[in-house]
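To find a chain, count down the sequence lines: A is the first, B the second, and so on, and within it residues start at 1.
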Amino acid sequence: MTHPDFLWRNPEPRPAYDVVIVGGGGHGLATAYYLAKNHGLTNVAVLERGWLAGGNMARNTTIIRSNYLWDESAAIYEHSLKLWEGLSDELDYDLQFSQRGVLNLAHNLSDVREGRRRVNANRLNGVDAEWLDADEVKKFCPIINVSDRARYPVMGATLQRRGGIAKHDHVAWALARQADACGVDLIQGCEVTGFELTGNRVTAVETSRGRIAAGKVALAAAGHTSVLAERAGIRLPLQSHPLQALVSELLEPVLDCVVMSNAVHVYVSQAHKGELVMGAGIDAYNSYGQRGGVHVIEAQMAAALELFPVFSRVRVLRTWAGIVDVSPDASPIIGPTPVDGLYVNAGWGTGGFKATPGAGWVYADTLAHDRPHPLAQPYALDRFTTGALIDEHGAAAVAH
Amino acid sequence: MRFTFDGRPMTGEPGDTLAAALLRNGVRVVGRSVDLGRPRGIFTAGPEEPNALVRVGADPMLAATTVELHDGLEAHSLRGKGRVDLDAVDERRCDKGYLHCDVLVVGGGPAGLAATLAAGRSGARVILVDDQPRLGGDLLNSRLLLDGAPALDWVAGLDLPARVLTRTTAVGYYDHNYVVAVERRARGERLWHIRARRVVLATGAHERSLAFPGNDRPGVMLAASARAYANRYGVRAGRRAVVFACADSGYEAARDLVAAGVDVLAVVDPRPSGLPADVEVLAGQVVTGTTADEEGVLTGVQVGVRHFDADLLAVAGGWNPAVHLFSQSGGRTRFDEELAAFVPGTSAQAERSAGACRGLYATREAIADGYAAGAEAAGRTVPDLRVPECDERISRRPAALWLVERAPGSEPAFADLHRDVAVADLAMATATGMRSVEHVKRYTTAGTGADQGKTSGAVVVGVMSALLGAAPGQVGTTTFRPPYTPVSFATLAGRDRGALSDPVRTTALHDAHVALGAVFEDVGQWKRPRYFPRDGEDMEAAVRRECHAARTAVAAMDASTLGKIDIRGADAGEFLDRVYTNMYSTLAVGACRYGVMCGADGMVFDDGTTTRLADDHYLTTTTTGNAAPVLDWLEEWRQTEWPDLDVSLVSVTDHWATVAVVGPRAREVIAVVAPEAVELAFMRYASVPVLGVAGRVFRISFSGELAYEVNVPWRYGRALWEAVLELGVVPYGTETMHVLRAEKGFAIVGQETDGTVTPQDLGMGWIVSKRKPDFVGRRSHSRPDTARPDRKRLVGLLADDPEALVEEGAQLTAAGVAPMLGHVTSSYHSAALDRTFSLALARNVTPGDRLTAVSGDMRQPVTVVEPVFYDPDNTRRDGDPLPEARVAYRGDCRAESPAAAFADRFEAVSTPRVRLREVPFVSMWEVRGTDPGTGLRLGPDWWLVSGDVPPRPGWVDVSGQRTVLELAGPAAYDVLITGCPIDLDPSVFPGHAQTLLARTSVILERLPPETYRIYVRSSFAKYLAEWLIDALEAS
Amino acid sequence: MLLIDCPHCGPRDENEFHYGGQAGIACPTGDVTDEQWAAYVFMRDNPKGWFHERWFHVHGCRTWFTVERHTVTHEIRKP
């Protein structure tokens, strides 16, 4: 893998920008890139508290798929997946985007029903999807244990062949490089500490590196969105939780697809370099600590070994946690806020990485035109008042 | 000890690590590097090894420096990556354990031993963990004298007042002083979870290398490691050595190598002056390169213009305090200019570092610091602790040297050996604009190798500081993340494998189901019979037969899994009115009513029937999967919103075994098993003898047929089931239940609903009371979207082809393309209808509409119909009259305890040290409100009374709810701590507690001195019995 | 694994409890607007710092109680 010789400048912030994006993660960088590319807006700054893409972008398990149940979700994630399919060329950077297929396993009759339901919805929405029975799962991923004597046997799976993984850092750097090349200022080590409002309109941000005037301010801060919104006087229906993940030591190739099991909280793929990358369940409590409990990892490993007994002696090399901002319906909030000129893109929960280009695209369009992009319309904040939720929790309850 | 390496037979000595044994056998090249394929040898003597990675049996990758040699060991070289052997069988059995202490000391070197001594002598409960087979830390590797005698004599003379765990590596330091440690055992690791009031970290320091050209050759080794091989293992890592001494520890290594017979050619010291030594000292100079033979193995060391023919280059680059656990605890490190290393800064938890891990490298200093840390942690000073005399020299300030400039054309200078990251790669990263060490780590992969940055982290920071012209403290480190050393998945899973990977719940009838050949399905943690095939029937045939019996004769199902909540109090009716959408305060005593409850968002959460047993006494049933969530939900409202209501909730799910007797001839069965209930009217209940024991019969139907739900206490459940089946009743499972209820258009929570469905959507507007002022979720129903007229509704579907089954999950469309109007929620073959039928949720459709159901490649034309397919006028619910008088059951009602089948296995697994048995049946009651003055207190106003006492009014009979298992004997405690996280130490444990054991809720009661009774929900009894047997076998 | 101090049972491991989110959210009574209702159902504080939150000792005494915890350090402080 060769990287470009140059990625970005490290400029000093200018006193004013047309658009200030708060948060230099994947979504913030993608928004900046599409503002420049699609809308010609380059008087733009991305303000990052720490280092670029050092939050959830650096911590996620890099799974990309678009096989969501509801029309609104499928539309935005599929838009994103289509962008992924051309992104390495477009950004002139090897993103190691690998469409190796994503399996979502079913372990009981309810999972089977919901899996089929999702496959059928996907296909009607133009999203590739297949239902595999247990034998076909075994054929597609031979190291999965499909024994019917397992505690929770594999009864089938949905498969999205176009789903896969990408190298998260490369995605961030590629977007940053192109945004920087278009003239966007990427300013690291710059924390937004407050907002200057004139009437009901935001006119500037206060930062650890001084006041920066802004025509529009776009929040793209994932788990920290609530904190920022509160500084602007806005309350959002978001809760921040730790989400843990881990990698194993490097292994020779052993797993060539992505395997997900919501029922037992296992998400696993093998990265290009060879480490197994695995996601766990969300820790129960609110937290900004980027740390979770070891019991979550232990439960995840027990579940993983039921699916992959061959990993018994594979070793965990490193665990970590990101901060995910979870909305009540597990769907994002995209669009204007009650403060004029202040926009929000948040609430992606565990789904943010795969949405990176799609979210950046629609958010940039929303900012450029002062109205929600059509794909963003269902994700307005007022859905919590009207009740028009986009509930991607699915049938969480198991009942007879 | 015989072993093989890549198939070559070799021999080692007891106590050897695999690395020591390989060196003993002259092996120089142990593997190849991951990207460049360069030959690599043994670089260290500990867990920080980046090079000598091997596959051993089922272990895909281990550091040879951490593998204890055993006879017959087979090791295979790797190219930087582990290899999963798909055929390898791993027979090790891992386990877990939960410990509590006042002071946890991590590290058994001089500081840790001193801390343990000081804390333990003050009376504190102390645990010491150390990763080596023997205590001593760096003293194991040295020739130091303490009080004039070998240092290990001092160690051996210590009488440590502590629980000492050797071969145990603390790998994670989590919130609230929770430390996780891996104990390596031949039979499989044990993962210890240690909750400590205070922690003393005495984790020592790691020697570091530096980046100079050709620093990765086999033969280049850390100096302290070369010394360890010489002193501890009696192995010479080379014959002719050069020592690169950026720190004075290099001189000690040189001395020890000489003593071991190594020909030390020179000590190269970059500092202006060297120390006096018996070998040549090149002060103010650095190693500028290495030479190698055709295999890449070190043949010489270049120091400027001078060349030394050497096969060992021992590098003493300085020391990095092992701040990993400190950093994991949330503590912040700072860069110490004097030590040229990161040291612990501000603590975040009740923790203190001692000795080398905070930069106090000298042995006497470390011991003194350990005493102080131990006393501080225990909160008391122990007077008579003496620091032994030591012959160690005082070390000078190390050279803050991170890299040696590379001449054009020379070998790469590596910063990370495992990931093949050279200085040039780091330079490339900073040239792109990267300034953060995190970016550079990710760009180059430096620090992400198998050694987790232990040998590379400091070098990367040092090189970056040179490249960026910033101080190392400004560059900072990347975050230290758990685990400190790699931990296998199996270790983290412990005994939660296979059948024990998640608790299993079974009913009182389970063994009978198994005997009948039932096919089970998982419903939450429950095992429920899905159908009962006979003589090679497939599911379809079995279900057709079972349905036929229920519709034309009589059939029976195990309905014990439904949640059952006993609700009492003057305000019980009011309480139910508030949580259900319909009315219960007006329900007549003895009557049953179906109800739906919603979440605050107005969506259907659960359903079930509630029966008024007395004015102030109700019994509510829940769905199988929601029993616990519903009880928790009710408890939440009771405690947090309506504390003024006089109402109490007790789960009796496991107290009762429930058999649903269904079919037009069900009355004939009731006439035998519960004759006093034979005249029961629809939706009525009677408390009557069943098989002669006190039972309850409810005339509730989930099929439209005459049906009774017959309840007996758990231990009589199997007798009831068998008595019913003896009457010729056909057993049926959940699949038939589904067909029967769907034919009647009854929705299933979780199948027809998915958290987005209101009662109105299900066509149950009739169940949503308009008279009540409020109920949970009511306000949500009038939100704009929830009140929309065009929401999806429950409808029926009939496919044009009566033989064709529309798949559940099929999407409904007008013409086979989007938009989707809804989806199929239930779909079955119906014996009664002699065709297939489906239920669906769909918007904007009315009966008679033609739709296309899409599933996979199938497009099926269907017609929308009303969702009631069978007996829409409810003509069948009273069944057939009794044809003739029946003789009531006269046999014994045999009682069977939940763990009865385990008696022999309990006996077989018991030993004199620990005995396992089921305690014979005793009556039990749960008491709410007023203190009964007896029994176990379970909560602020909650007691469990058991034994031969007369029950008082208001006591809830829960005799069947729990099963009591008993562990007795001196090892009972050791078994319990493998699955019970609370502190069971007699000094702390109050005598009983409600807690978790093996991930199930239990009441644990200690009968002094060493007997423990475990009260477990009867449905978990079989699982817990298996778990305990497994624990005894593993102990 | 947090250590939560149950007012009845004393300090216990986090996995004996269910998390209950922000404390002190009362269910509104009487006529409320859609906005007020949405605020009750969906809006919760999400501070970075000290947070009053509820825990339910589901595997112990089954008591709901309030804890003050710091959402960055996870430190729990006594009132």
Side-chain angles (χ1 to χ4, degrees), chain B residues 98 100 172 174-178 180 193 195 330 348-349 578 599-602 628-629 631-633 635-643 649 651 773-774 776-780 782-787 937-942 980-983 988 990 993-997 999-1003, chain C residues 1-44 52-67 69-78:
Chain B
Y98 298 85
H100 301 254
Y174 296 90
D175 288 324
H176 300 173
N177 261 12
Y178 197 59
V180 170
H193 304 70
R195 183 78 74 178
Q349 300 203 37
R578 295 187 191 182
D601 61 358
L631 184 61
D632 295 351
W633 174 244
E635 199 62 67
E636 178 177 352
W637 286 92
R638 187 186 79 81
Q639 289 186 33
T640 68
E641 283 290 336
W642 310 317
L649 312 164
S651 169
D774 201 5
V776 174
R778 177 173 175 271
R779 178 62 183 80
S780 284
S782 58
R783 293 175 301 172
D785 192 77
T786 329
R937 189 171 181 213
L938 302 182
D941 55 358
W942 183 20
C980 182
I982 65 171
D983 191 351
V988 179
Q994 283 201 92
T995 183
L996 289 168
L997 176 66
R999 294 174 297 156
T1000 57
S1001 262
V1002 297
I1003 302 165
Chain C
M1 183 76 81
L2 305 182
L3 189 65
I4 312 278
D5 200 359
C6 168
H8 179 262
C9 304
R12 294 291 183 88
D13 281 357
E14 166 198 341
N15 60 355
E16 290 195 9
F17 300 85
H18 279 179
Y19 186 60
Q22 185 184 359
I25 304 287
C27 184
T29 52
D31 284 341
V32 291
T33 63
D34 287 340
E35 287 74 18
Q36 288 168 323
W37 184 250
Y40 161 67
V41 177
F42 296 121
M43 292 288 184
R44 296 291 181 272
H52 284 277
E53 63 190 15
R54 305 181 309 160
W55 291 84
F56 174 50
H57 198 181
V58 61
H59 294 298
C61 64
R62 301 188 64 78
T63 302
W64 281 91
F65 58 97
T66 299
V67 159
R69 188 180 57 91
H70 196 282
T71 60
V72 178
T73 65
H74 300 168
E75 183 189 347
I76 289 172
R77 85 179 165 196
K78 297 287 164 63

Taking the side chain as every heavy atom from C-beta outward, state whether [X] and [Y] have any atom pair closer than 4.5 Å.
X        : Y        : value
B:Gln994 : C:Arg62  : no
C:Asp13  : B:His193 : no
C:Arg54  : B:Glu636 : yes
B:His176 : C:Ile76  : yes

Proximal component of [X], with respect to chain B [non-hydrogen, under 4.5 Å]:
X       : result
C:Ile25 : backbone
C:Thr73 : backbone
C:Thr33 : backbone

With rounding to the nearest 0.5 Å, note down the distance linking [atom1] in [X] to [atom2] in [Y].
X        : Y        : atom1 : atom2 : result
C:Met1   : B:Asn177 : CE    : CG    : 14.5 Å
C:His8   : B:Leu938 : NE2   : CG    : 8.0 Å
B:Tyr174 : C:Leu2   : OH    : CG    : 13.0 Å
B:Arg638 : C:Trp64  : CZ    : CH2   : 12.5 Å
B:Arg779 : C:Tyr40  : CZ    : OH    : 13.0 Å

Select one option (side chain, backbone, both, neither) describing which atoms of [X] are under 4.5 Å from chain C's heavy atoms.
X         : answer
B:Thr640  : side chain
B:Arg999  : neither
B:Ile982  : side chain
B:Ala348  : neither
B:Ile1003 : neither
B:Gln349  : neither
B:Glu635  : both
B:Thr1000 : neither

Original post:
If you count heavy-atom pairs under 4.5 Å with chain B, which of C:Thr29, C:Asp34, C:Val41, C:Thr63 comes out on top?
Top reply: C:Asp34
Original post:
Is there a donor in the side chain of B:Thr995 and an acceptor in the side chain of C:Glu16, or the other way round, less than 3.5 Å apart?
Top reply: yes
Original post:
Relative to chain C, which of B:Pro773, B:Gly330, B:Ser780 shows the most heavy atom pairs under 4.5 Å?
Top reply: B:Ser780
Subject >> Largest heavy-atom contact set with chain C, pairs under 4.5 Å, which of B:Pro990, B:Ser1001, B:Pro940 >> reply: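 Ranked by heavy-atom pairs under 4.5 Å with chain C, first place is B:Pro940.
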Subject >> Chi angles and distances behind the side-chain contact (heavy atoms from CB on, under 4.5 Å) call for B:Asp175, C:Glu14 >> reply: CA-CA 11 Å; B:Asp175 288 324; C:Glu14 166 198 341; over 6 Å; no
